[in-house]
Each structure stands twice: as structure tokens, then as C-alpha cells.
S.K.: 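Would you mind keeping the following structure in view while I ask a few things?
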Amino acid sequence: MRIHVINPNTTASMTDKIGACASRVAAGNTQIHISQPDSGPVSIESHFDEAISAVGVLEEIRRGEAMGMDAYIIACFGDPGLLAARELTRAPVIGIAEAGFHLATLVSTRFSVVTTLQRTAIIAEHLLDQYGFRDHCRRVRATDLPVLELENPAGNAYQALLEECRQAKDDDGIGAIVLGCGGMADLTERLTLDLGMPVIEGVSAAVKLAESLVSLGLGTSKHGDLAFPRPKPFVGRFADWGE
Ligand code: 2AL
């Protein structure tokens, strides 16, 4: 089974970290193929960043289709381009936010999300509404860490994250925490031990969900709105995307 994990931002160290976390949880017969867009923002922290990076995600899906990938993971917590990506393939496409939300509901009745900047917390709230997880999530908490602070070995990202997770555990009336950034994937085990409650990060969650769907022979439905886009001419810089 070949799973194409796409880091939608263009920071290579984060792409490597996400790939390592995906490989660590993958089954013995699963190959992880990791990539990032050729162009786009170094981190995704706004609607604008998401819109630009979604195009990069779709380019990576097109490349993955040429390579015959069995499943795709969009490894940014805003799940940029998720539904458009599903239109381009019969393979399952899983966003790390939705993967984290789904697994959290299987191990707890209520969870909180701990993410980076306050403005991305609002984006996560939109996803909870869109995906129908609003009643399961008690609170989306921001650490005010910019995404790339998670890549700074000299910074105090771990302590800031741990502190916010502790407050969530003490005050939110929850049973689990979902980490709200792909760049937090490598901190999960340490946080789980330090907090003594389930901490879920979406990259690992998405790999195991993708493996399950592929094993069950389940792919993206082509009946309805996720059917392949209707062929039509595209002009300008997207001319080669059309027919
Ligand atoms: C993210 C993420 O997962 N990667 C990125 O660049 N921005 N999302 C977030 N909420 O910080």
C-alpha cells in the first residue's frame, strides 16, 4: 500500500518531521511517500495561506495519481483543499484535522484542540462546524505560537504547548486533546506521558485511517459531488489542467 502524505506548506524540515511520524506508525507493508508543494507559503496560518497552499496540494494529488498512490493525507490542520482533492481521485483523501477529530470521539466523549495562533483556532472552529464535531469539542485553545516556532530547537514551544494542554485537562472537562498543527506530530508521545491522558495528532491518525479504508476497499465516492470535475478548458497558468 502506498500512502502519499502531503505537507501543504513549503518548510522542508516540517515535511521531513511529518514523514518520519507517518513512517513510524505505518504498517510493515505500507510505503509512505512524502512531499510538499513546489511553491507556496512556508507556513499556513490564515485563510490566504490556505487558499494558496490548496493549489499546491492539488498539484501534489495530480502527481500522486500519475504514480498510482493508494491514499492521500493532507497534513495541515486546516485540511486545505480537502474536498477539491477528493474530486481528483478515487483513492481516499484524509485531512489531519478530520482524522484527529474522528479518533478523539472514539476514545473520549469530549475533547479540546490545542493549536498555534488564535486566528488558526478560529479556522479550526469552522472545521468543527463543517464536519459536525461541534458538540464533541469543548474548546479550541491557541498557544500563540507561530507555526515555524515549532521548528526552532532553541525555542520553548514544547513548554508553551504543555502548559496549554494542562489547562485544557484541568479546566475543560475533557477526556482527550487533539493537537492542532502538523508540526506538533513529534511531540505527541511526550505530551501523552506528561499529561496522562490521550493526546491525538492527525498525521498518525490519518495514516491508520487511510490504511483501514484501503484494506476495506473503500475509496472516495464518485457518485455525487466528489465525482471527477467536469472536463473543460482552463486558461492562463492553469491551461494544462484543462481539456
Ligand atoms: C498548520 C499546520 O498544520 N501546518 C501549517 O503550516 N499550519 N495549521 C495550524 N493550525 O497551525
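Numbering of ligands and ligand atoms starts at 1, following listing order. Side chains included, hydrogens not; waters and symmetry mates left out as well; all remaining heavy atoms used.
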S.K.: For the backbone of Ala84 and the side chain of Glu87, can you confirm whether one donor and one acceptor N or O come within less than 3.5 Å of each other?
M.R.: no
S.K.: Leu88 pairs by side chain to side chain contact (heavy atoms under 4.5 Å, CB included) with which of Val93, Thr220, Val57, Ile61?
M.R.: Ile61
S.K.: Tell me the residues surrounding ligand 1, counting only those with a heavy atom closer than 4.0 angstrom, sorted by chain and number.
M.R.: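 Close residues (ligand 1, cut-off 4.0 Å): Asn9, Ser43, Ile44, Cys76, Phe77, Thr115, Thr116, Thr120, Val147, Gly180, Cys181, Gly182.
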S.K.: Please identify which of these residues, Arg86, His4, Glu65, meets the side-chain hydrogen bond (donor to acceptor under 3.5 Å, both in side chains) condition with Tyr72.
M.R.: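 Passing option: Glu65.
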S.K.: Do Glu201 side-chain atoms and Gly182 backbone N/O form a donor-acceptor pair below 3.5 Å?
M.R.: no
S.K.: Please check if the number of heavy atoms outside Arg62 that lie under 6.0 Å from its CZ is greater than 12.
M.R.: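 Enclosed.
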S.K.: Would a distance-only check, ignoring hydrogens and angles, find a side-chain to backbone donor-acceptor pair under 3.5 Å from Thr105 to His102?
M.R.: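 A pair under 3.5 Å: yes.
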